[in-house]
Structure formats: structure tokens, C-alpha cells
Amino acid sequence: MMERLRFCLATVAALLLACSGCAHAPGVPSASVESVRPDQQLDFHALYKQNCSGCHGENGRGGAAIALNNSAYLAVAGAQNLRTATAKGMNGTNMPAFAASSGGMLTDAQVDSLVQGMLREWSRSSDFAGVAIPPYSATTPGNTGDGAKAYGAACARCHGADGTGVQTSSGANAKQGATAHSIVDSSYLALVSDQNLRSYVIAGHLDDNAPDWRSYIPGRALTSQEITDIVAWIAARRVPTPQESLNRLRANPSAVAAKEKP
């Protein structure tokens with residue numbers, strides 16, 4: 001009996017000694033591994049990578065959507081507009097709602113973590129001290145005629161007189177900032193809202209070395225009204241979707257009927 005007890009105790013001691021030499025027992029998570037429930041993840045970098053980087057690019061640049069790592073854009077948008085766009089999405093674009101209260105998957109705390117993280121990591125408020133920043137959204141209607149003039153003065157050099165782009169040679173003869181991409185292409189305009197266009201005009205496009213609203217015209221910044229008018233001029237080239245055409249017909253059938261009279 002005593003021999004059997006000694007054998008059992010020796011076996012247990014050997015097992016304990018063997019386990020103490022292992023980093024961790026098989027199947028048991030390491031103490032260094034943190035398991036966070038998806039709805040409790042509040043780390044900005046993790047949330048951004050999971051929810052934003054696919055469209056806005058790694059580290060806020062290089063994606064198909066507007067660069068969020070752009071201090072001019074963040075200064076103009078501000079925390080409240082960033083929070084609204086993140087939580088509720090943006091009409092007329094592919095930007096979906098992310099807040100659970102609007103049909104998304106993120107909690108309000110996670111939305112706040114994203115917004116505060118963007119401002120903390122990428123904003124530079126000191127760059128805009130004393131600068132008259134135009135409003136994020138238009139406050140007055142746009143005028144396409146005035147927009148054509150403002151576009152010609154501020155945008156045509158890089159985007160072409162008609163918005164279809166500028167074909168330039170490479171090297172020393174290339175125009176700085178010029179692009180062959182059309183900003184009046186119907187496919188492009190179908191994917192962006194007027195608010196998107198306004199944000200691009202104000203904040204520029206860092207990935208293409210496009211400046212912000214302060215540098216388009218030598219010696220002065222664009223006014224808010226000029227920005228609104230430029231957006232109106234560009235948006236006027238947007239081809240209405242079938243649903244939009246139907247909505248216009250329903251809203252004003254007499255005007256459509258008058259156009260169709262011989």
C-alpha cells in the first residue's frame with residue numbers, strides 16, 4: 001500500500017515538474033492572449049482596420065474613398081460631422097451606417113473611439129489656427145454659371161477645362177498636380193454625393209498631391225460660395241438615375257409634358 005502511494009506521489013510530482021517547464025499547457029490560452037468580445041473592442045487601430053481601411057486605405061490614405069488622414073478634411077468636418085457620417089452613413093454614396101442604432105454593427109462607444117482616434121492620430125489643429133475654415137456643408141444654393149468661372153480659375157489647370165482631365169507628358173513638361181482622371185465621368189459622379197464633392201474641393205486629395213482650398217488660386221483662398229458653385233457645376237454633369245428621373249416626373253409632371261410637346 002505504501003509503495004503504491006509513493007508511486008502515485010512520484011507520478012504527480014513528475015507531471016507537475018513537466019508542466020512547470022512548458023510555456024503553457026496544451027489547449028490553455030496564454031496569459032498574454034487577450035480575448036476581447038467584438039462589441040467590447042475599443043482600440044482605434046483595430047476598429048479602423050476592421051471597418052474603415054477597406055475603403056479609406058491603410059493608415060487613412062490610399063483608398064478609393066476620401067483620405068481620412070488629411071488634417072484639412074478633419075479640421076473642416078470636425079468631431080460631430082465625423083460621428084454622424086460614421087454612425088449613419090452618407091446618402092448618395094457607398095458609405096454605410098456603422099452604428100448599431102442605424103443598422104450597423106458598432107456600439108456608440110466604438111463609433112466614438114473611431115472618431116476620437118482619427119482626430120488624435122491625424123489632425124493638426126495648429127495648422128489652421130487663425131484660418132477662416134469654410135463650413136463643412138453648403139449654407140447657400142450653388143450657381144452653375146458662377147461655378148463655371150470659379151472652376152476655370154481654380155480647377156481647370158489640373159482637371160481640364162471641361163473636367164475630363166489633362167493629358168500631359170511626363171518629366172519636366174508635366175503640369176504639377178495635373179491628372180488624366182475625369183471628375184465628370186458619369187460612373188464617378190454616381191458614386192459620390194454633393195457633400196463628397198464639397199469635401200474634396202475643400203480638403204484636396206493628398207494621394208494625388210492636390211492642395212486644399214487655400215492654394216487653388218494664387219494669393220487667396222476659395223470662398224465658401226465659390227466652393228458651393230464649383231460643386232454645383234460638377235454635379236450638373238451627373239446623369240440622373242432612372243429612379244431620380246421618375247421622382248422628378250412625379251414631382252413636376254407638367255414641366256416634363258411641356259418639354260415633350262412638338
Report whether Leu206 and Trp213 are members of the same hydrophobic cluster (ILVMFWY, side-chain heavy atoms less than 4.5 Å apart, transitive linking).
no

Do you know the tightest heavy-atom contact between Tyr48 and Trp122?
CE1-CH2, 3.8 Å

Linking I/L/V/M/F/W/Y whenever their side-chain heavy atoms sit closer than 4.5 Å, directly or via other members, would Leu42 and Leu114 fall into one cluster?
no

Non-hydrogen side-chain atoms of Leu222 and Ile230 separated by less than 4.5 Å:
yes

More than 12 heavy atoms of other residues, nucleotides or ligands under 6.0 Å from CG of Asp127: is that the case?
yes

Determine whether Glu121 and His45 make a side-chain contact, defined as any pair of heavy atoms from C-beta on separated by less than 4.5 Å.
yes

Closest non-hydrogen atom pair between Pro141 and Gln225, with its separation:
O-NE2, 3.2 Å

I want to check something: taking the side chain as every heavy atom from C-beta on, are Cys52 and Phe98 in contact at a cut-off of under 4.5 Å?
no

Report the C-alpha separation of Tyr151 and Ile183 in whole Å, then their side-chain angles, then the decisive distance to 0.1 Å, and conclude whether the side chain to side chain contact (heavy atoms under 4.5 Å, CB included) test is met.
CA-CA 12 Å; Tyr151 175 89; Ile183 58 171; 3.8 Å; yes

Can you check salt bridge (Lys or Arg N to Asp or Glu O under 4.0 Å) on Asp162 and Arg237, steps first, answer last?
CA-CA 10 Å; Asp162 59 357; Arg237 278 126 187 91; over 6 Å; no

Sub-4.5 Å side-chain heavy-atom contact between Arg198 and Ser224:
yes

Are Leu191 and Val231 connected, step by step, through hydrophobic side chains (Ile, Leu, Val, Met, Phe, Trp, Tyr) whose heavy atoms are closer than 4.5 Å?
no

Can you get from Ile217 to Val76 by hopping between Ile, Leu, Val, Met, Phe, Trp and Tyr side chains that sit under 4.5 Å apart?
yes

Any sub-3.5 Å donor-acceptor pair from Gln41's side-chain atoms to Leu47's backbone N or O?
no

Look at the side chain of Gln110 and the backbone N and O of Pro38, then say whether any donor-acceptor pair between them is shorter than 3.5 Å.
yes

Side-chain contact test, heavy atoms from C-beta onward, threshold under 4.5 Å: evaluate it for His205 versus Tyr200 and give yes or no.
yes

With heavy-atom distances below 4.5 Å as the criterion, would you say the side chains of Phe44 and Arg120 are in contact?
yes

Would a hydrophobic clustering, with Ile, Leu, Val, Met, Phe, Trp and Tyr connected at side-chain separations under 4.5 Å, put Trp233 with Val239?
no

Between Arg238 and Asp194, is there a side-chain N and carboxylate O pair less than 4.0 Å apart?
yes

Would you check if Tyr73 and Leu82 make a side-chain contact, meaning some heavy-atom pair closer than 4.5 Å?
yes

If you define the side chain from C-beta out and look only at heavy atoms, does anything of Ser193 sit under 4.5 Å from Asn91?
no

